[in-house]
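Note that the numbering runs from 1 along the sequence shown for the chain. Remember, it's 1-based here, ligands and their atoms both numbered in the order they're listed. Reckoned from all heavy atoms, side chains included, excluding hydrogens, waters and symmetry mates.
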Amino acid sequence: MMGVPDTATKIKKMEIRGAGKIAKAASEALREEAEKYRGKDSDEFILYMKKCGNILLDSRPTAVSLHNGIFLTLKDMEKGKTVPEIKKKIVSNSKKFVADSEKALKKISAIGEKLISDGDVILTHCNSQAALSVIIEAHRKKKNIKVYATESRPWGQGYISSAQLAEAGVDVTLIIDSCVSTVMDEVDKVFVGADTVTVKGELYNKIGTSQIAAIAKAKKKKFYVCCETYKFSPVFRKQNVIVEERDPSEITGTRKISGKIKVFNPVFDRTEPKYIDAIITEKGKIRPTDAKSLSVKTFGKEKSE
Ligand code: RI2
């Protein structure tokens, strides 16, 4: 069990990573923090939990899953009149959020695998549990598929994806990110995850995703996004999505470079809706143009407009 500060540090350092995993870890940390709270004053408790939520929120700025996970865990806590009542609400919200996330992944895999045909060559980028669950489900359904997994520099999440796919028995080939164009002629479909989907249907996902989408479009290949609805973003409707930039050393590693050279290390990029064929969620397969109505259904009109 980890408290809020430990969880926030682990998320910041990428020891816990992936849009879904950070949201679940944040929700569980809030639950733990609530359970161990010993004070008696309900107003102080609410303030304390909000502070905890903000600490977690600051750990990574781009994935709206983190915001939504925290929001849904602390939702309606003010309705509790006493500390035990507030605790009960937070604990049940958190359990529901984590259970719903797991159920959502199962539904996404069932919906998404139908888009995969026997003999398909698939490309995936970075490490998305939602995208991998779809691919692995297709394999489980005995579809003969081949997967290219990009290395996903600088963190190399493609090594995790390749290992997970190989472990599941999928025929997987690891490629460097700049090999995407080379293999795209052979690829039939691209499946990626999401850190944030805006109400305009734009996708924010691992750096390099937009290049892959553009190459897929140019070569008339399908491009699918797999994500739970808590990655849809009512909060970013007015403000722009903040794209996280991380330390240059993540790119340069141990190489010595001149101090005159600047290094730019954005973690995510924006893929325009026109490149996306469909977004696969637990509520069904939608077009990017339907992102707003799904957001309204999920988070309410007021938040999503
Ligand atoms: P799931 C990851 O971010 C990748 O961008 C991945 O596509 C996305 O989260 C969604 O992952 P990072 O934490 O929630 O590796 O589908 O920077 O697992």
Side-chain angles (χ1 to χ4, degrees), residues 7-28 56-69 97-98 100-109 111-112 122-137 147 149-165 168 177 180 190-198 202-213 223-233 241-247 250-251 265-271 276 279-282:
T7 304
T9 305
K10 283 192 157 65
I11 292 174
K12 229 177 236 164
K13 289 184 172 170
M14 305 269 291
E15 285 168 29
I16 304 172
R17 51 141 301 280
K21 282 190 180 153
I22 61 175
K24 281 177 256 184
S27 178
E28 279 167 347
L56 289 161
L57 209 50
D58 278 348
S59 57
R60 289 197 80 187
T62 309
V64 81
S65 54
L66 186 60
H67 182 285
N68 288 336
F97 177 70
V98 174
D100 285 353
S101 310
E102 302 301 336
K103 276 187 228 153
L105 274 182
K106 285 208 175 83
K107 282 194 186 152
I108 289 167
S109 67
I111 297 168
I122 292 160
L123 185 136
T124 191
H125 184 49
C126 197
N127 178 245
S128 156
Q129 295 318 297
L132 292 190
S133 72
V134 167
I135 298 168
I136 291 171
E137 184 61 13
V147 180
T150 56
E151 191 180 28
S152 312
R153 262 188 52 82
W155 276 86
Q157 288 95 329
Y159 290 90
I160 308 171
S161 292
S162 308
Q164 288 178 337
L165 290 166
D177 302 330
V180 167
V190 177
F191 285 86
V192 296
D195 289 83
T196 291
V197 175
T198 70
E202 305 152 307
L203 164 69
Y204 283 81
N205 193 49
K206 183 58 52 197
I207 190 77
T209 303
S210 64
Q211 288 176 179
I212 297 172
F223 184 91
Y224 297 117
V225 179
C226 310
C227 75
E228 305 87 331
T229 48
Y230 65 83
K231 292 169 187 166
F232 281 67
S233 171
V241 176
I242 304 151
V243 173
E244 178 183 4
E245 276 182 47
R246 294 183 66 92
D247 199 83
E250 292 183 352
I251 292 182
N265 183 16
V267 182
F268 304 102
D269 65 17
R270 173 181 162 273
T271 299
I276 301 168
I279 305 172
I280 303 150
T281 79
E282 75 277 14

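- In this structure, the side chains of Thr281 and Phe232 come closer than 4.5 Å at one or more pairs of heavy atoms.
- Using a 4.5 Å heavy-atom threshold, the side chains of Ile135 and Leu165 count as touching.
- Between Thr196 and Lys231, the closest side-chain pair of non-hydrogen atoms is not below 4.5 Å.
- From the protein, the heavy atom lying nearest to atom 3 (O) of ligand 1 is Asp195 OD2, 3.3 Å.
- The protein atom (non-hydrogen) at minimum distance from atom 17 (O) of ligand 1 is Lys206 NZ, 2.6 Å.
- Enclosure of atom CD in Gln211 is not indicated, since only 12 or fewer non-hydrogen atoms of other residues, nucleotides or ligands lie within 6.0 angstrom.
- The single protein non-hydrogen atom nearest to atom 9 (O) of ligand 1 is Ala19 N, 3.0 Å, given as residue, atom name and distance.
- A salt bridge links Glu244 with Arg60; the closest basic N to acidic carboxylate O contact falls under 4.0 Å.
- The shortest N/O to N/O separation between Val267 and ligand 1 does not fall below 3.5 Å.
- Trp155 has its side chain within reach of Arg246: a pair of non-hydrogen atoms, C-beta onward, lies under 4.5 Å apart.
- The shortest distance between side-chain heavy atoms of Val192 and Ile212 does not fall below 4.5 Å.
- Numbered from 1 in the order shown, with element, the atoms of ligand 1 that lie under 4.0 Å from a heavy atom of Phe268 read 3 (O), 5 (O), 17 (O).
- Only side-chain heavy atoms of Gln157 come within less than 4.0 Å of ligand 1; its backbone N, CA, C and O stay farther off.
- Counting the atoms of ligand 1 from 1 in the order shown, those under 4.0 Å from a heavy atom of Arg60 are 12 (P), 13 (O), 17 (O).
- Contact annotation for Lys231 and ligand 1: only side-chain heavy atoms (C-beta onward) come within less than 4.0 Å of the ligand.
- Contacts of His125 with ligand 1, taken as heavy-atom pairs under 4.0 Å, are absent altogether.
- Every atom of ligand 1 is numbered from 1 in the order shown, and the set under 4.0 Å from a heavy atom of Gly18 is 2 (C), 9 (O), 12 (P), 13 (O).
- Residue contacts with ligand 1 do not include Lys21, since none of its heavy atoms lies under 4.0 Å from the ligand.
- A donor-acceptor distance shorter than 3.5 angstrom exists from the side chain of Asn265 to the backbone of Asp247, with no hydrogens or angles considered.
- Without hydrogens or angle criteria, His125 side chain to Ile207 main chain gives a donor-acceptor distance under 3.5 Å.
- For atom 7 (O) of ligand 1, the nearest non-hydrogen atom of the protein is Asn205 OD1, 2.6 Å.
- For the residues Gln129, Glu244, Arg246, the heavy atom positioned nearest atom 1 (P) of ligand 1 is part of Gln129.
- For Ala130, a nitrogen or oxygen atom sits less than 3.5 Å from a nitrogen or oxygen atom of ligand 1, counting backbone and side chain alike.
- Every atom of ligand 1 is numbered from 1 in the order shown, and the set under 4.0 Å from a heavy atom of Arg17 is 2 (C), 12 (P), 13 (O), 15 (O).
- No part of Val192 comes within 4.0 Å of ligand 1, judged by heavy-atom distances.
- At a heavy-atom cutoff of 4.0 Å, ligand 1 is contacted by both the backbone and the side chain of Ser128.
- Sorted by first and then second residue, the side-chain hydrogen bond (donor to acceptor under 3.5 Å, both in side chains) pairs with a member in residues 17-27 read Arg17-Asn127, Lys24-Glu102, Ser27-Thr73, Ser27-Ser94; sequence neighbours excluded.
- For the pair Ser65 (side chain) and Ala19 (backbone), a donor-acceptor distance under 3.5 Å is present.
- Not a single N or O atom of Cys126, backbone or side chain, sits closer than 3.5 Å to an N or O atom of ligand 1.
- The nearest protein atom to atom 10 (C) of ligand 1, hydrogens excluded, is given as Ala194 O, 3.4 Å; this is a heavy-atom distance.
- Tyr230 is linked by a ring-ring contact (aromatic ring centres under 6.0 Å, His included) to Phe97, counting only residues two or more places apart in sequence or in another chain.
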